[in-house]
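What follows is one structure encoded as structure tokens, with my remarks underneath.
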2 protein chains.
Amino acid sequence: MNDVAAAAGVALKTVSRVVNNEPGVNIATAERVQAAIDRLGYRRNDSARTLRSGRTASIGLVIEDVADPFYSGLSRAVEDLALRQGYLVFTGSSGEDPARERELVLAFCARRVDGLIIVPAGTDHGYLSPEFDAGIAAVFADRPPGTGCDADTVLCDNAGGAQAGIRHLISHGHRRIAFFADSPAIFTATERLYGYRQALAAAALPYDEGLVAMGPPEQARVQAGLERLLAAPDPPTALLTGNGRTTVAILRALSALPSKPVRHGGRLTDLVGMAVVGFDDFELADVLGITVVAQDPSGLGRTAAELLFRRMSGDVGPSRRVELPTRIIARGSGEVPPRQGGKGAS
Amino acid sequence: MNDVAAAAGVALKTVSRVVNNEPGVNIATAERVQAAIDRLGYRRNDSARTLRSGRTASIGLVIEDVADPFYSGLSRAVEDLALRQGYLVFTGSSGEDPARERELVLAFCARRVDGLIIVPAGTDHGYLSPEFDAGIAAVFADRPPGTGCDADTVLCDNAGGAQAGIRHLISHGHRRIAFFADSPAIFTATERLYGYRQALAAAALPYDEGLVAMGPPEQARVQAGLERLLAAPDPPTALLTGNGRTTVAILRALSALPSKPVRHGGRLTDLVGMAVVGFDDFELADVLGITVVAQDPSGLGRTAAELLFRRMSGDVGPSRRVELPTRIIARGSGEVPPRQGGKGAS
DNA sequence: TTGAAAGCGATACCAA
DNA sequence: TTGGTATCGCTTTCAA
């Protein structure tokens, strides 16, 4: 900037004014400065700007995994909104590791991001206190903050969504419905289990622990669980999954089962005569004909970003908690009637 | 840092030494400083550090769209490698808009990132010259740089992959093979078209422009193209897509066609008796039984990051160009024999 | 082993 | 409308 000032024959401060479009600069002067800027290929150093002004115009986003379509949809929404406001986004994947979440968050804080959007992996966020004291804004998305932290939160209606999914299956005649979800340590999984139980209770159906399989959505584990259930004396006639990863694992497991004659159309779930509702929509769910409880990952990201920007522009009210609705998208797999007469192919 | 120094009763420089784990500090002193750091909740300001040292320990990543699984896979690989080296990643989606690509890149440069990984949307990268002069490192991924720029590049073997896909279909008896790809303006689409033509020529098959449909992978456009082809007097018996998005659109279009009786298994492509090979693997391709030419998005990201870090640590050799191999994954849809006897159901 | 002083490149504030 | 100067928080360099 010094060089530009020298080249244009003005003071440093005048260049600063031009670069920042501040009012009160003679047009002729501004043009002369601009010419010097272009000629020298000058670009403002935002580190220096940051150091002086205290604002970095950047935010940090910690998610579980960018490669998971749910989180990449969320990411994209955050990014779009941030960019429109002139903010840049640091992105990091925690991989469900609380230590890595903390590391990322603190690294972002050291870079002096103005705000954070966090999908927490850990359950203790006391480590954020000094950062809050230092004036950083934070919003939690998809899962609430753990202990030692109070901040805006945007969630899906997890319990409500699971409840609606089960109600849907019950309305199609199912009474024995399995639930495959992520580890109970994960907030959303537990909430959805709660919704599952509520819906059963509301329909006066018994809660059978044997029908519930929770854990990491690994193919082998899910497949073993499914096979165990199907081999049981009184197998379920329907199944609700607890997230997109699990849905995929279930579909893979179903398609790996010894195939049965197909009756009508090429729908996958017809192969085992089991109704399936997936929690979270996914690409090709329409092609596969899979009924889902759709969440709104973009909405989650957008809302989180909106809340964050509101905080960053000075809102100091009590922390909010927003819950986004889910909706059932019926595509066939959730509308299959219960298979008659015990186990095996129909 | 000043406060910490005062609290610990040492000089600023000593605190700096402790914070940066520099050698030559008395253990007792270091402990006293550390205690003060903890007590005050002090965290180093990386903006100031950057300003003085000139290194930000961050890189910028510009991709087409984080929400596209291909790019989110690439992102994740870049992120992992960067984090392991202590670097943070700014991510931005260009959405195939050259202006937005440029905007993002320049914004990253203003933040003084140490390096850039770019999936270019534009075809002119002369705007990078001043940045290169300023010492920034850049690697292009998935597509080469446009005019006015010479930099390391990591690509997939696009032509070779398409060629292999076509050879695969030819080996299963197909002679009229359609090609659905992205706009010819996109590097990878053109390369793959080239591979398609090469493979046809190598098998002494004619190149029929009527079998090629290139353009944005929008559902309506792809579907119309497919219907036009199927209604033609001499319809293709097989089809190669040019990317994942197009594959999904084709599958959706196929499943939207009036359904035909199913013979064996629930495979989608049996419905129209058309063989399908998709360029780029995707989740559930195994469940749907879709044969693909698999790329390696993680490998692309990893290699790009490796090249970048090599440059950032001082490698000044001539620019490299790495090409990653593709491989065919046969899952059924690409091994369907040509349908006999003209159009309509088999 | 420790410290003092200069300076990175911008902005804030006040003066002209 | 313009300019000068202090300063942001740290690292670098040199001296003690």
Side-chain angles (χ1 to χ4, degrees), chain A residues 1-34 36-37 40-58 86 106-107 109-114 130-131 133-136, chain B residues 1-34 36-37 40-58 86 106-107 109-114 130-131 133-136:
Chain A
M1 192 173 265
N2 241 322
D3 299 345
V4 174
V10 296
L12 179 64
K13 178 64 221 183
T14 302
V15 179
S16 171
R17 287 199 177 95
V18 173
V19 168
N20 295 295
N21 289 315
E22 279 174 38
V25 179
N26 187 301
I27 289 195
T29 314
E31 273 169 5
R32 197 148 38 88
V33 171
Q34 191 56 55
I37 287 175
L40 272 60
Y42 165 82
R43 216 88 69 188
R44 180 177 61 198
N45 183 327
D46 278 344
S47 300
R49 176 195 179 73
T50 287
L51 178 58
R52 195 64 183 88
S53 68
R55 291 184 61 262
T56 55
S58 57
L106 293 181
C109 289
R111 297 284 198 298
R112 292 298 187 270
V113 296
D114 299 319
E131 312 303 336
D133 293 344
I136 206 166
Chain B
M1 194 173 264
N2 239 322
D3 298 346
V4 175
V10 297
L12 180 64
K13 177 65 223 186
T14 302
V15 179
S16 171
R17 287 199 178 95
V18 172
V19 169
N20 295 297
N21 289 315
E22 281 173 38
V25 180
N26 187 300
I27 290 195
T29 314
E31 273 170 5
R32 198 148 38 89
V33 171
Q34 190 57 53
I37 287 175
L40 272 60
Y42 166 82
R43 215 88 69 186
R44 180 177 61 197
N45 182 330
D46 278 344
S47 300
R49 176 196 180 73
T50 287
L51 179 58
R52 195 64 182 86
S53 68
R55 291 185 59 264
T56 55
S58 57
L106 293 181
C109 289
R111 296 283 197 299
R112 292 297 186 272
V113 296
D114 299 319
E131 311 304 335
D133 293 344
I136 205 165

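Treat the numbers as computed from the prediction; the structure is a model and nothing was measured. Order of the sequence lines sets the chain letters (A, B, ...), proteins ahead of strands, with each chain counted from 1.
The salt bridge (charged side-chain N to carboxylate O under 4.0 Å, His left out) check on A/Arg43 picks up B/Glu131, with sequence neighbours excluded. Legend: residues meeting salt bridge (charged side-chain N to carboxylate O under 4.0 Å, His left out) with A/Arg111, ordered by chain and number and at least two apart, are B/Asp46. Checked against side-chain contact (heavy atoms from CB on, under 4.5 Å), A/Asn26 has the following partners two or more places apart in sequence or in another chain: A/Ala28, A/Thr29. Taking the salt bridge (charged side-chain N to carboxylate O under 4.0 Å, His left out) definition, one finds that B/Arg52 meets it with nothing, sequence neighbours left out. Every residue two or more places apart in sequence or in another chain that forms a side-chain contact (heavy atoms from CB on, under 4.5 Å) with B/Gln34 is listed here: B/Val18, B/Ile37, B/Asp38. Under the side-chain contact (heavy atoms from CB on, under 4.5 Å) criterion, A/Arg17 pairs with A/Lys13, A/Thr14, A/Glu22, A/Val25, sequence neighbours left out. Residues satisfying the side-chain contact (heavy atoms from CB on, under 4.5 Å) test with B/Ala8, not counting sequence neighbours, are B/Val10, B/Val33, B/Ala36. Qualifying side-chain hydrogen bond (donor to acceptor under 3.5 Å, both in side chains) partners for A/Thr50, counting only residues two or more places apart in sequence or in other chains: none.
Closest approach of B/Thr56 to A/Ser47, counting heavy atoms only: CG2-OG, 4.5 Å. A pairwise comparison of heavy atoms in A/Leu51 and B/Ala48 identifies CD1-CB, 3.6 Å as the closest pair. The minimum heavy-atom distance linking B/Cys109 with B/Ile136 is given by the pair SG-CD1, 3.7 Å.
Looking at residues 11-24 of chain A, you'll see A/Leu12, A/Lys13, A/Ser16, A/Asn20 sit with a heavy atom under 4.0 Å from some atom of DNA chain C. Interface residues of residues 45-52 of chain A facing DNA chain C, ordered by number: A/Asn45, A/Ala48, A/Arg49, A/Leu51, A/Arg52; criterion, heavy-atom separation under 4.0 Å.
When the local axes at the two ends of the helix from C/dT1-D/dA16 to C/dA16-D/dT1 are compared, using 5 base pairs at each end, they differ in direction by 30° after rounding to 10°.
To the nearest 0.5 Å, atoms CZ (A/Arg55) and OG (A/Ser58) are separated by 9.5 Å.
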Do A/Asn20 and A/Arg44 pass the side chain to side chain contact (heavy atoms under 4.5 Å, CB included) test, and can you show the C-alpha distance, the side-chain angles, and the key distance before you say yes or no?
CA-CA 10 Å; A/Asn20 295 295; A/Arg44 180 177 61 198; 2.5 Å; yes
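To the nearest angstrom, C1' of D/dT1 lies 13 Å from CD1 of A/Ile27. When rounded to the nearest whole Å, the span between CG of A/Asn2 and P of D/dG4 equals 11 Å.
Contacts between chain A and DNA chain C, taken as any atom within less than 4.0 angstrom of a protein heavy atom, begin and end at C/dG9 to C/dC13.
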